[in-house]
Structures are given as C-alpha cells and as structure tokens.
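Here the structure is a predicted model, which is why all the values come from computation and not from measurement.
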Amino acid sequence: MAHIVVLGAGLGGSIMAYELADQIRPEDRITIVTKDPLYHFVPSNPWIAVGWRKRDDITVDLTQPLNRKGIDFKPVAAEKLHPEENRLDLVDGTSIDYDYLIIATGPELAFDEIEGLGPHGGHTQSICHVDHAEMAAEKFEAFCKNPGPIIVGAVQGASCYGPAYEFTFILETELRRRKIRDKVPMTFVTSEPYIGHLGLDGVGDTKGLLEGEMRGKHIKWMTSARVKKVEDGKMVVEEIAEDGSVKAEKALPFGFAMMLPAFRGIKAVSGIEGLSNPRGFTIVDQHQRNPKYPNIFAVGVCVAIPPMGPTPVPCGVPKTGFMIESMVTATAHNLGQVLRGQEPDNVGTWNAVCLADFGDGGVAFVAQPQIPPRNVNWSSSGKWVHLAKIGFEKYFIRKVKKGTSEPYYEKAMMKMLGIDKLKEVHKG
C-alpha cells in the first residue's frame, strides 16, 4: 500500500486528486493537504472585483466530492517539507508521512518585493485570490463615487499577464455601463516588451489584437516598465531601454490601481536544494517528477519553468489552465505506472488554451505547445469569447463539485479540436 499526499487543492490539486483516484491501485490511499477547505474558481476573480459575481457563485466545498472519491482531506496549511524523511510538517504542530508527494500549492504572491504594492498595507489591488477580489470590489465602488485615473497591469517578474488584460477591459466595460468612462483615463503598465507578449513571446496576433482593442477603447500603455514604488495615489514607474538602462521615470497618478505581482514558491517547499529553484518553484523533469527526489511530483503554477528569453524587464512564463490540466494527466498516469513497478513515460503537451473575457467581447488563443516553437499558434477575438468564458466557468465548477477529472464529452470535444493533454509516446 502506498500513501500519496497532494499538497494544495486549487485548480491543479483538486483535479489531481480526482484523476489520481482513477489511476492508483485499490490498496493505495490519497490525502489532500490544503490551507483552505473551499475551492475558488480563480478565473472568475476579475468578475468578483466589479460585482458581476459573488464569492458563493465561484466556491465549492471540497469535503463532499472528496469523500465520495474516498480521498482523505486535511484542511491544514503546510509548515515545512522534509523530503529526506518523506514527511510534511503542518502549522497545527502535526505532521503527515507519505510514500509519494504531489506539490500543487500554487504560488506565494510577492507583493513585498515592491514598496507600496498590494492590498495588505499597500496601495494597489489584486485579483489573484477571491479575498483580494472582494477587497478590490469595495475599493472600486468607492472609486466610482469619485472617479479619476486607473492603472492596471503586471509588475516586473510577473508570470501571469492574461488576467491583467482581462481586468482592464472588464473595468472599461463596467465604467461605460455606469456612464463614467469619460471621467476615467486608463493606463496599462506592464513588464512585457510589447503588448500581447503574455510571457509567451505572443500567440498568433495577440500583439495586434490587444493593441487594437486598447486603441479602440482609448487605453494608453507602457511596456518594458519597472514599478519602482507605489504611494497613495501615485505609482513611480521606470521605462527600461533594450540595454537595461533607465530610459525615463514617470510618476503616474491613480484613483484605483490593480497590479499583478511576481510569484514565488510557498515557504514550506522553498529553499530545499535539488527540489526548488532560487524563487522556490519546484524543479521537475518531463514526467513532472523531481530529479533528486523521485517520489515527489509537481503540477501547476508551483512548477519551475525558465523564461522564454531575455527581455529588458524580467517576464515569467504563465501556467494556463489547460497546461496545468495536461501536467495533472501526465502525473496521474506516471504515478500509476510507478506504483505498478513501471518506468513513467507520459509527457504533458503543455498546450495553452486561454479565454480572456472583456465583458462584452474577448480574446482567445491556442498555443500548441505553450513554449515556442509551436505546431499551432492561433488567436481570435469576438463576442463568442465572453460567452465561452461564462460557459467554461459553469462547466468547470460543476466538474469540481461532481469530483470528475475529465468527462467523456470534454475529452471528445478537445480531441475534435486537435488539443491533447498527453504527447504521443513512440515505443519500439
């Protein structure tokens, strides 16, 4: 019998547990360890921040679906991992032993790396967590009574750009609905070298599509921007030249600002030689397995992926939802093989499928694989993206509630579109 611990129950961890339950042997058992017993659908946070959704709309209590699957559930945060001892210490003073560990923690948000950044003691808002999105909604309501300039974007080292674009256009749509758009100058500030880079060196014509949307909606932008500090109502931003020198420094006024922070690994799994990189992200091979500790796997945002290439301001690589699901499927199959004494041979495609809702339209892209060079490099825009995002939200939340990893119709639809989670393995 093997005891498998999944650390984290977000998008990656929850689906990981469900998919793993179908791959293990009858005598094996799974335990999920997570700091929060409730699952929140993170892609809906931009809607929370403008009042289009409430917390209950995007929340699932994981207790029932996990119980139905026979998965043990421990809603206690991790304190420290001891990989040499196969032990995980928890913040309540207890510990849990494992035979195999799957790290699916998501990131720690590095607001503290920039003076004045973030909702806790800082001057900017965030949509990275439902708590932050609710705080942003309160600030936005107050802002609408006394409108002024808005700044949205992503700081140096960020690796998640899609939600910043999404939130910019959702805000713009909501301001028009409230008939106060004419009172709100909007600026998009990003560490990307160009609009639509997305940490992926663009996908299809994301540059043209997003620049066109911004021009059409009178949104100004600053690229290769490094946020120096944030004060109450003022953001000090440096524009960085190709050679890394400071081209200009600007003090941008704002009445409301949302800046996505850089990510790093959570403290419990950081600073472990051979397991984590200097930012605390977990090192894995092509089979999602750590090279030093082969009984440890990792999926999702916590996985270490090198940047695409040098940029004037550091840009991380995003881990999109479908890419994470491909990591999950590969890991579940690989661990199933390991449990049966076989060598793992499943490799995730790391394909990216993204729907960025703009409130009354949106941009979609498919990158196969996510990291260039690609077999498919496609982007498109239109009202259909907004409707598709709403449909996906309802579908995915239902999937988590039912405890299903991949219903047959999802698999059939993805197959029809030529989007796979696993690479074909050529044997012989």
Qualifying ring pair (Phe, Tyr, Trp, His ring centres under 6.0 Å) pairs, either residue in residues 365-388, two or more places apart = none
Going by heavy atoms in the side chains, are [X] and [Y] under 4.5 Å from each other?
X	Y	answer
Lys74	Ile32	no
Met235	Lys229	no
Val33	Ile96	yes
Tyr100	Val5	no
Glu172	Ile170	no
Val237	Lys228	no

Regarding [X] and [Y], do their side chains bring together a donor and an acceptor under 3.5 Å, going by distance alone?
X	Y	value
Glu19	Thr329	yes
His129	His40	no
Asp57	Trp47	no
Thr223	Glu192	no
Thr34	Asp36	no

Spatial distance of atom [atom1] ([X]) from atom [atom2] ([Y]) [nearest 0.5 Å]:
X	Y	atom1	atom2	result
Leu88	Ser95	CG	OG	8.5 Å
Ser159	Leu260	OG	CG	9.5 Å
His123	Asp232	NE2	CG	5.5 Å
Phe41	Ser14	CZ	OG	10.5 Å
Phe111	Ser126	CZ	OG	4.0 Å
Ile151	Gln125	CD1	CD	12.5 Å

Given Glu141 and Arg178, is the salt bridge (Lys or Arg N to Asp or Glu O under 4.0 Å) satisfied, shown in steps?
-> CA-CA 11 Å; Glu141 285 301 322; Arg178 295 186 187 220; 2.5 Å; yes
Stepwise side-chain contact (heavy atoms from CB on, under 4.5 Å) test for Met214 and Tyr165 | CA-CA 10 Å; Met214 287 189 171; Tyr165 286 103; 3.7 Å; yes
Evaluation steps, side-chain contact (heavy atoms from CB on, under 4.5 Å), between Phe73 and Thr63 | CA-CA 7 Å; Phe73 189 35; Thr63 310; 4.0 Å; yes
Is a salt bridge present between [X] and [Y], judged by a nitrogen-to-oxygen distance below 4.0 Å?
X	Y	result
Arg226	Glu238	yes
Arg87	Asp89	yes
Glu174	Arg176	no

Would a distance-only check, ignoring hydrogens and angles, find a side-chain to backbone donor-acceptor pair under 3.5 Å from [X] to [Y]?
X	Y	answer
Tyr161	Val317	no
Thr206	Gly202	no
Asn377	Gly204	yes
Gln368	Asn375	no
Lys319	Val301	yes
Tyr18	Val400	yes
Asn45	Ile127	yes
Lys292	Glu273	yes
His287	Asn346	yes
Ser276	Gly271	yes

Atom [atom1] of [X]: over 12 foreign heavy atoms under 6.0 Å:
X	atom1	result
Lys234	NZ	no
Lys217	NZ	yes
Asp92	CG	yes
Glu242	CD	no

If every non-hydrogen atom of [X] is compared with every non-hydrogen atom of [Y], which pair is closest and at what distance?
X	Y	value
Thr311	Cys315	OG1-N, 3.7 Å
Leu209	Ser381	CD2-OG, 3.6 Å
Ile272	Leu81	CD1-O, 3.7 Å
Ile283	Pro291	O-CD, 3.8 Å
Ala9	Leu62	CB-CD1, 3.7 Å
Val155	Ser191	O-OG, 3.2 Å

Indicate, with yes or no, if the rings of Phe140 and Phe256 have centres closer together than 6.0 Å.
-> yes
Any chance the rings of Phe263 and Phe281 have centres within less than 6.0 Å?
-> no
Assess whether side-chain contact (heavy atoms from CB on, under 4.5 Å) is satisfied between Ile296 and Ile103, documenting all intermediate values.
-> CA-CA 7 Å; Ile296 296 180; Ile103 300 173; 3.8 Å; yes
Check the pair Val60 / Arg398 against side-chain contact (heavy atoms from CB on, under 4.5 Å), numbers first and verdict last.
-> CA-CA 9 Å; Val60 178; Arg398 185 169 179 268; over 6 Å; no
Glu134: which of Lys139, Arg55, Lys54 passes side-chain hydrogen bond (donor to acceptor under 3.5 Å, both in side chains) = Arg55
Residue pairs passing the salt bridge (charged side-chain N to carboxylate O under 4.0 Å, His left out) test where at least one lies in residues 106-121, sequence neighbours excluded = Glu108-Arg264, Glu108-Lys267, Asp112-Arg264, Glu113-Arg264, Glu113-Arg279
Kindly state each residue pair satisfying salt bridge (charged side-chain N to carboxylate O under 4.0 Å, His left out) with at least one member in residues 144-169, sequence neighbours excluded.
-> Glu166-Lys389
Derivation of the salt bridge (Lys or Arg N to Asp or Glu O under 4.0 Å) call for Glu213 and Arg215 | CA-CA 6 Å; Glu213 290 281 349; Arg215 285 194 185 96; over 6 Å; no
Determine the sole option in Ile219, Leu175, Thr187 for which the side-chain contact (heavy atoms from CB on, under 4.5 Å) test with Ile150 is passed.
-> Leu175
Six-ring centre of Trp350, Arg374 cation under 6.0 angstrom, axis tolerance 45° | no
